[in-house]
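First up is the structure itself, then whatever we jot down about it.
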Amino acid sequence: MPELPEVEVLRRSLEPYLVGEEVRRIEVRSPALREPLDAAELERRLAGHRIERLGRRAKYLLVDVDGGSTLAVHLGMSGRLTLVPGETPPERHEHLAIHLASGRKLRLRDPRRFGLAFALATAGVAADGPFAHLGVEPLSDRFSGTALREAARGRRGPVKPFLMDARTVVGVGNIYACEALYRAGIHPSRSVARIARARWNRLAGAVVEVLSDAISEGGTTLNDFRNGAGESGYFQVSLAVYGREGEPCPTCRAPIRRRVHSNRSTFYCPRCQR
DNA sequence: CGTAGACCCTGCGCGC
DNA sequence: TGCGCGCAGGGTCTAC
């Protein structure tokens, strides 16, 4: 479900409600996510602590509490994190509820169970465990065409899976990889070894632009993305190619094509993208 | 070493 | 109306 823009929209929507809140208790209703939820660890690191800030690294939402711990949540494909009154009955596939001093609860629902939630020492976010291999943040000033070109050195294969590889740049999933390549006019099957400097620069610019546009429109809602208040986003109406196989390209009217890279659907315009 | 494909899981929409 | 199939925004693991 979520790529970087959706997680960022979620972060911004929850921040004003969560900062200053105190975590009362952790309720693990069903531990089976990609890694089993560790109720004892969540309780030990979070309960009794005050939430100081909400951050994001790649597609992880980070909830920092006082005392030096962080809750990391990854929504996988189908995860949804919402803030509701504490007495709200549990819903189907509600794995985790974090009960807050105000009486509300932050609940994580994830039907497909590809998501993750764990607590760790805040200092570990920079380099530990699941964060260790992550590449550059696309909305940071360390991201550029040069960064992409250098990441591509010694690599082979099509640019589209390269762009979705978190070692290259984080947060770019299937939708925004397709859209960025379209905006940059680069064919998704083009080999990374055959992209000139100017086109790397153009691609980096397109990545920043498409992610920023999506954030400002509240994210993309295809089936079930909602922000922390349960509201949907609007960027899906701005998608030029994703999910539009057979429809005319917004630029040249050629029918949008679909093909598969690494088991993921890729949508592109065969005329505008070379 | 790198890349391509299978796989994890449930739900939904579509065609028959 | 009911059923089977294909597909879904995530990441990781294995085979080559």
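By convention in this document, chain letters (A, B, ...) are assigned in the order of the sequence lines, proteins followed by strands, and residues within each chain are numbered from 1. Side chains are part of it too, since the values below use all heavy atoms of this structure and drop only hydrogens, waters and symmetry mates.
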Does [N] have its OP1 or OP2 closer than 4.0 Å to a side-chain nitrogen or oxygen of [X]?
| X | N | answer |
| --- | --- | --- |
| A:His74 | C:dG11 | yes |
| A:Ser265 | C:dC7 | no |
| A:Arg112 | C:dA8 | no |
| A:His261 | B:dT3 | no |
| A:Tyr176 | C:dG9 | no |
| A:Asn263 | B:dA6 | yes |

Exercise. Of A:Arg34 and A:Arg92, whose nearest nucleotide on DNA chain B comes first from the 5' end?
Worked result: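 By nearest-heavy-atom nucleotide position, the 5'-most residue is A:Arg34.
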Exercise. Given that A:Gly157 and A:Arg264 both sit by DNA chain B, which one's nearest nucleotide is further toward the 5' end?
Worked result: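 So the residue in question is A:Gly157.
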Exercise. Using Watson-Crick and G-U wobble pairs whose two distances are both under 3.5 Å, how do you write the pairing of DNA chain C as dot-bracket, with | for links to another strand?
Worked result: .|||||||.|||||||
Problem set entry | Plane angle bin for A:Phe235 and A:Tyr176 - parallel if under 30°, tilted between 30 and 60°, otherwise perpendicular | tilted
Exercise. Looking at B:dT3, B:dT10, B:dC8, which one has an atom nearest to any side-chain atom of A:Arg167?
Worked result: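 Out of B:dT3, B:dT10, B:dC8, the nucleotide with an atom closest to A:Arg167's side chain is B:dT3.
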Seminar exercise, completed: Side-chain atoms of A:Arg155 come closest, of B:dG2, C:dA8, C:dG10, to B:dG2
Exercise. About how many Å separate CD of A:Glu179 and CG of A:Asn174, when rounded to the nearest 0.5 Å?
Worked result: 10.5 Å
For this session: Work out which heavy atom in A:Arg24 is nearest to a heavy atom in A:Glu43; give both atom names and the distance.
Result: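 Between these two residues, the closest heavy atoms are O-OE2, 4.3 Å.
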Distance-only donor-acceptor hits, side chain of residues 131-147 of chain A, under 3.5 Å, sequence neighbours excluded:
{"unit_1": "A:Glu137", "atom_1": "OE1", "unit_2": "A:Arg56", "atom_2": "NH1", "d": "3.0"}
{"unit_1": "A:Glu137", "atom_1": "OE1", "unit_2": "A:Arg56", "atom_2": "NH2", "d": "3.4"}
{"unit_1": "A:Glu137", "atom_1": "OE2", "unit_2": "A:Arg57", "atom_2": "NH1", "d": "2.9"}
{"unit_1": "A:Glu137", "atom_1": "OE2", "unit_2": "A:Ala58", "atom_2": "N", "d": "2.6"}
{"unit_1": "A:Ser140", "atom_1": "OG", "unit_2": "A:Glu137", "atom_2": "O", "d": "2.8"}
{"unit_1": "A:Ser140", "atom_1": "OG", "unit_2": "A:Arg142", "atom_2": "N", "d": "3.3"}
{"unit_1": "A:Ser144", "atom_1": "OG", "unit_2": "A:Thr146", "atom_2": "N", "d": "3.3"}
{"unit_1": "A:Ser144", "atom_1": "OG", "unit_2": "A:Ala147", "atom_2": "N", "d": "3.1"}

